[in-house]
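For reference, the structure discussed in these notes is given below.
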Amino acid sequence: MSRYNFRETEEKWQRVWRERRLFEVSTKPTTRKYYVLEMFPYPSGKLHVGHVRNYTMGDLVARYRRAQGFNVLHPMGWDAFGLPAENAAMAEKVHPAAWTRENIATMRAQLQRMGFAYDWSREIATCHPEYYRHEQKMFLDFLANGLAYRKEAWVNWDPVENTVLANEQVIDGRGWRSGAIVEKRLLSQWFLRITAFTDELLEAIQRLDRWPERVRLMQENWIGRSEGARVVFELAGRDERVEVFTTRQDTLFGASFVALSPNHPLAQKLAATDPGLAAFIGECNRMGTSEAVIETAEKRGYATGLEAIHPFDRQRRVPLYVANFVLMEYGTGAIFGCPAHDQRDLEFARKYGLPVIPVVLPPGADPAGFAIGDEAYVEQDGTLFNSSFLDGLTVAGAKRAAGERLEALGQGQRTTVFRLRDWGVSRQRYWGCPIPIIHCPVCGIVPVPEHDLPVTLPEDVSFDKPGNPLAHHPSWKHVRCPQCGGGAERETDTFDTFFESSWYFLRFCSARDSHAFDREAVAYWMPVDQYIGGVEHAVLHLLYSRFFTRALSRCGYLDLDEPFAGLFTQGMVCHQTYRSAAGEWLFPEEVERDDSGRLIGPDRRPVVTGRTEKMSKSKKNVVGLDAIVDTYGADTARLYLLSDSPPERDLEWTETGIEGAWRYVNRLWRMVSEPAVALPPPGAVVTGELAPEVDMLRRVMHRTVAAVGDDLDKFRFNRAVARIRELTNAIEEVPPAVLGTGAGPAVLREALETVTLLVGPMMPHLAEEMWQVLGREGLVAEQAWPVADPELARQEQVTIAVQVNGKLRGTLECPRDAEQSMVETAALQLPQVLRWLEGRPPRKVIVVPNRIVSIVA
RNA sequence: GCGGACGUGGCGAAAUGGUAGACGCAGCAGACUUAAAAUCUGCUCCUCAGCCGAGGGUGCGGGUUCGAGUCCCACCGUCCGCACCA
């Protein structure tokens, strides 16, 4: 019995595909296009099996759509800028560029060994100046169109590393690498005006009907629209006024304080003459930003001694505080506190002895007896009281009336605010795209002239000192001002790496163009028909890309708003974790079973098994891709990644699972290389009467074709695999004695060729080899997708279930679409049915054609 | 706290409101083999029963329906996202 030689086979067909440049595509305006894209990887080192699940899915889609006749664009590239390269530079003394280059070479080879149908002629790496020069130009165009600007912003500052940290780099209030407590600092940073598109970005989510519902929800929540009002509080005895934002203008008569964020300009101003306040603000800014800190932090305030005048009643005064729980980044950075109807305000009021005035009476409550205890009444259900002209109104009515009154008095206006903030793109990092700006002491901020682009990174940098290597490079930043010719300095910040990934999908449309992209190519290929990636990018990358596409359109690059028509978010690949007796993480291959079946580590001592978690280097629960491809081949790995779990759910990688996939690969191989009966030559036509078993096989085959197509369309890959396995089971269940007679061999050939075509997108190398062994010309990769004949897919004989009082009592074999009355009569004569009816006539009989007969006794 | 998803055999799972457990993993028994591997065959939701069969079963409790894993209500649990958002 021959075993499938995947090593030779996979190399052979990869060579054939490459030599024929099969997957290199060009724009063909007359052909239907299909753009499949998997989120491009960061070249972090070596791939493990968990990394390739989404590429396997993308490749399946690409090959399936090709077979359906689409002109398919399926490119691959590298999101090549980022921190790990700098960390490696520090730890291993390698240059980030060299480290990145080597990783790309390794990972490219790994992807090629998997046999993915990429158009490698379009490969890009974002760290290449030929890529990032275009985004420097884009940035300058954004600047000219008011979509990029510089402002002071509060950032997470790591005082040891001298750099800004992204929110996700702050863990428990400390820098993720230095361990230093992160501070809030005011810094000048570049921002992209994503908020110019807030309404559009929010509204267009509704039309992204091929996106997962939860991603759309996450984006909606992130943009976070809330309707309310800005309300002006004048300060007694001073010229200043405080503007607050509220969604509860209806509760203004319950106001008992006004609070400013510690970073509010007025708070800063007051602190200049109030050392106590200055100290309080300093404390607030040193407080961490992590969830844990926030959750445990107690609400604290500092009474400024000033008083705010109530906008509806100039006689009423409320104290002005600076409070640690008021965010500068949201609304106006100031709030009014209504303790009766907001839990935070209530805690604050109790702590500082402020009055709690209920103004919304819950339905059915007694106005005389209603009081607030430990819990604020936050439901927006009830009627207003204690509220002058708002008394008796509903919450909604009071919001409207209060808003109108504020506007009439000039004390505020109704407005909508969003949680979404502009995108800060400055990073104090070396391994990123330089921001093409020159700071001139005379002319100020001067864009680098277009003919001087790209601004490239200097190669001779040192990572010995903390902070940004670009900033302490001896010469790089010193330049002449393009405007006045005087001495000036380059901007030493680089872009956030989300900048590169916000337009790479456009670059793929014409990857070698001297412009960022060719308009016609983009018009042809975009939008991406099917985008595939992890849900961890549900907000940031996907939102930035949606914004970028709009911003580029506004700057005249494009005529497009949504880049991704279809999105699929795949689940993670998980694996059991192991620790040695000493508590160290162990790689799965370090764990083995001893004679008594216990799991033991390299030290021969028992291993502690932990929970099954996402594969990650830190926990060592990774299975290397090379090892799997060496042992089982790419097709086996691909099959396993597609077959065991629904694609959107997590997949648990197990040794037995991959073994099972390997068995099936060999089974398929044996079916075609040693067929049960001798096959007729290719092209044999099925004619004449078929034996019932053979006829059945043919019908199963057509049904399988229909079902697999449907499953692939709907991303139910695990089901598609199960269907194909059912078909192979059906083939093997026909006794050879029957299969060898009449048209049997021709039907077998038909079935084997069909299986070959169906597994083509999943196991492309095996499919090519099967095709060849079956004596067929050409490549599976060039064959059309099989089409089911509805006549032949139809079931002629159906099994109908018979229920009595809702319980299954028997089944009935009937011809398809049999007369209902006949089915009913037959059902009522079943012995089991007669027994349950006990001679009485049925009260009711329901016949669902071809499905079920339900009898009510 | 807010928002969302999910809960089915020993395990991964499948099931347009219509025979729950397809397909696979694991296990058991058998065949082939000197033996092992590979391969093949059969069995495997639970309880009672020699067999025929009967009863129960999709996290828990109700409801709608001839019929509910699927729809509705309430609860329990797990996971994910956001979160001092005014």
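Protein chains get the first letters and strands the later ones, always in sequence-line order, with residue 1 at the start of each.
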- prompt: To the side chain of A:Arg725, which of B:G3, B:C66, B:C23 is closest?
  reply: B:C23
- prompt: How many Å lie between CG on A:Asp342 and C1' on B:A86, as a whole number?
  reply: 6 Å
field: Among B:C25, B:A83, B:C84, the one nearest A:Thr656 by side-chain distance
entry: B:C25
query: Any idea which of B:G24, B:A86, B:A26 is nearest the A:Val326 side chain?
result: B:A86
Quick one: side chains of residues 653-660 of chain A, donor-acceptor pairs under 3.5 Å with protein atoms, not counting sequence neighbours, listed by atom name and distance.
unit_1	atom_1	unit_2	atom_2	d
A:Thr654	OG1	A:Tyr640	OH	3.4
A:Thr654	OG1	A:Thr656	OG1	3.4
A:Thr654	OG1	A:Gly657	N	3.0
A:Glu655	OE2	A:Tyr632	OH	3.0
A:Glu659	OE2	A:Tyr632	OH	3.1

field: Any A:Lys807 side-chain N or O less than 4.0 Å from OP1/OP2 of B:A54
entry: no
task: Taking only the side-chain nitrogens and oxygens of A:Arg663, find out if one of them lies under 4.0 Å from OP1 or OP2 of B:C25.
output: yes
With sequence neighbours excluded, residues passing salt bridge (charged side-chain N to carboxylate O under 4.0 Å, His left out) with A:Asp713: A:Arg65
Cation over ring face, A:Arg300 and A:Phe280, 6.0 Å, 45°: no
- prompt: Taking atom P in both B:A13 and B:U64, what distance in whole Å separates the two?
  reply: 34 Å
- prompt: Looking at A:Arg723 and A:Glu726, does any basic side-chain N land under 4.0 Å from a carboxylate oxygen?
  reply: yes
field: Along RNA chain B (nearest heavy atom to each residue), the more 5'-positioned of A:Gln832 and A:Ile855
entry: A:Gln832
field: Gap between atoms CE and P, on A:Met572 and B:C80 respectively (whole Å)
entry: 8 Å
message: Nearest to the A:Arg214 side chain among B:G4, B:C25, B:A86, which nucleotide is it?
response: B:G4
Taking only distance into account, with no hydrogens and no angle test, what donor-acceptor pairs under 3.5 Å do side-chain atoms of residues 844-857 of chain A form with protein atoms, sequence neighbours excluded?
unit_1	atom_1	unit_2	atom_2	d
A:Asn850	OD1	A:Asp817	N	2.9
A:Asn850	ND2	A:Asp817	OD1	2.8

message: Identify the stems formed by RNA chain B, where each pair is Watson-Crick or G-U wobble with both distances under 3.5 angstrom and a stem is at least 3 consecutive pairs.
response: B:1-7 with B:76-82, B:10-12 with B:23-25, B:26-31 with B:39-44, B:45-48 with B:53-56, B:61-63 with B:71-73
query: What's the CD-C1' distance between A:Glu726 and B:G21, to the nearest Å?
result: 13 Å
- request: Give one of base, sugar-phosphate or nothing for A:Leu327, where a contact means two heavy atoms less than 4.0 Å apart.
  value: base
query: Rounded to the nearest Å, what distance is computed from the OH atom of residue A:Tyr330 to the C1' atom of nucleotide B:C82?
result: 13 Å
statement: Nucleotide by nucleotide, nucleotides 11-20 of chain B touches protein heavy atoms under 4.0 Å in the pattern (B base, S sugar-phosphate only, - none) -SSSSB-BB-
message: Tell me whether A:Glu347 is salt-bridged to A:Arg350, with the criterion being a basic N under 4.0 Å from an acidic carboxylate O.
response: no
query: Between B:C85 and A:Asn221, is there an OP1 or OP2 to side-chain N/O distance shorter than 4.0 Å?
result: no
message: Would the base of B:C66 count as contacting A:Lys844 through its side chain, where contact means a donor and an acceptor less than 3.5 Å apart?
response: no
- prompt: Below 4.0 angstrom from OP1 or OP2 of B:A54, is there any side-chain N or O of A:Arg835?
  reply: yes
task: Take atom CD of A:Glu536 and atom C1' of B:C82, then tell me their distance rounded to the nearest Å.
output: 17 Å
- prompt: Stepwise, does the salt bridge (charged side-chain N to carboxylate O under 4.0 Å, His left out) test hold for A:Glu227 with A:Lys399?
  reply: CA-CA 10 Å; A:Glu227 280 180 28; A:Lys399 280 187 180 180; over 6 Å; no
message: Tell me whether the count of non-hydrogen atoms from other residues, nucleotides or ligands lying under 6.0 Å of CZ in A:Arg241 goes above 12.
response: no
- prompt: Between B:A5 atom C1' and A:Met218 atom CE, what is the distance in whole Å?
  reply: 11 Å
message: If the condition is side chain to side chain donor-acceptor pair (under 3.5 Å), which residues does A:Thr569 pass it with, not counting sequence neighbours?
response: none
- request: Could you please name the option among B:U39, B:C85, B:G55 that lies closest to any side-chain atom of A:Trp836?
  value: B:G55
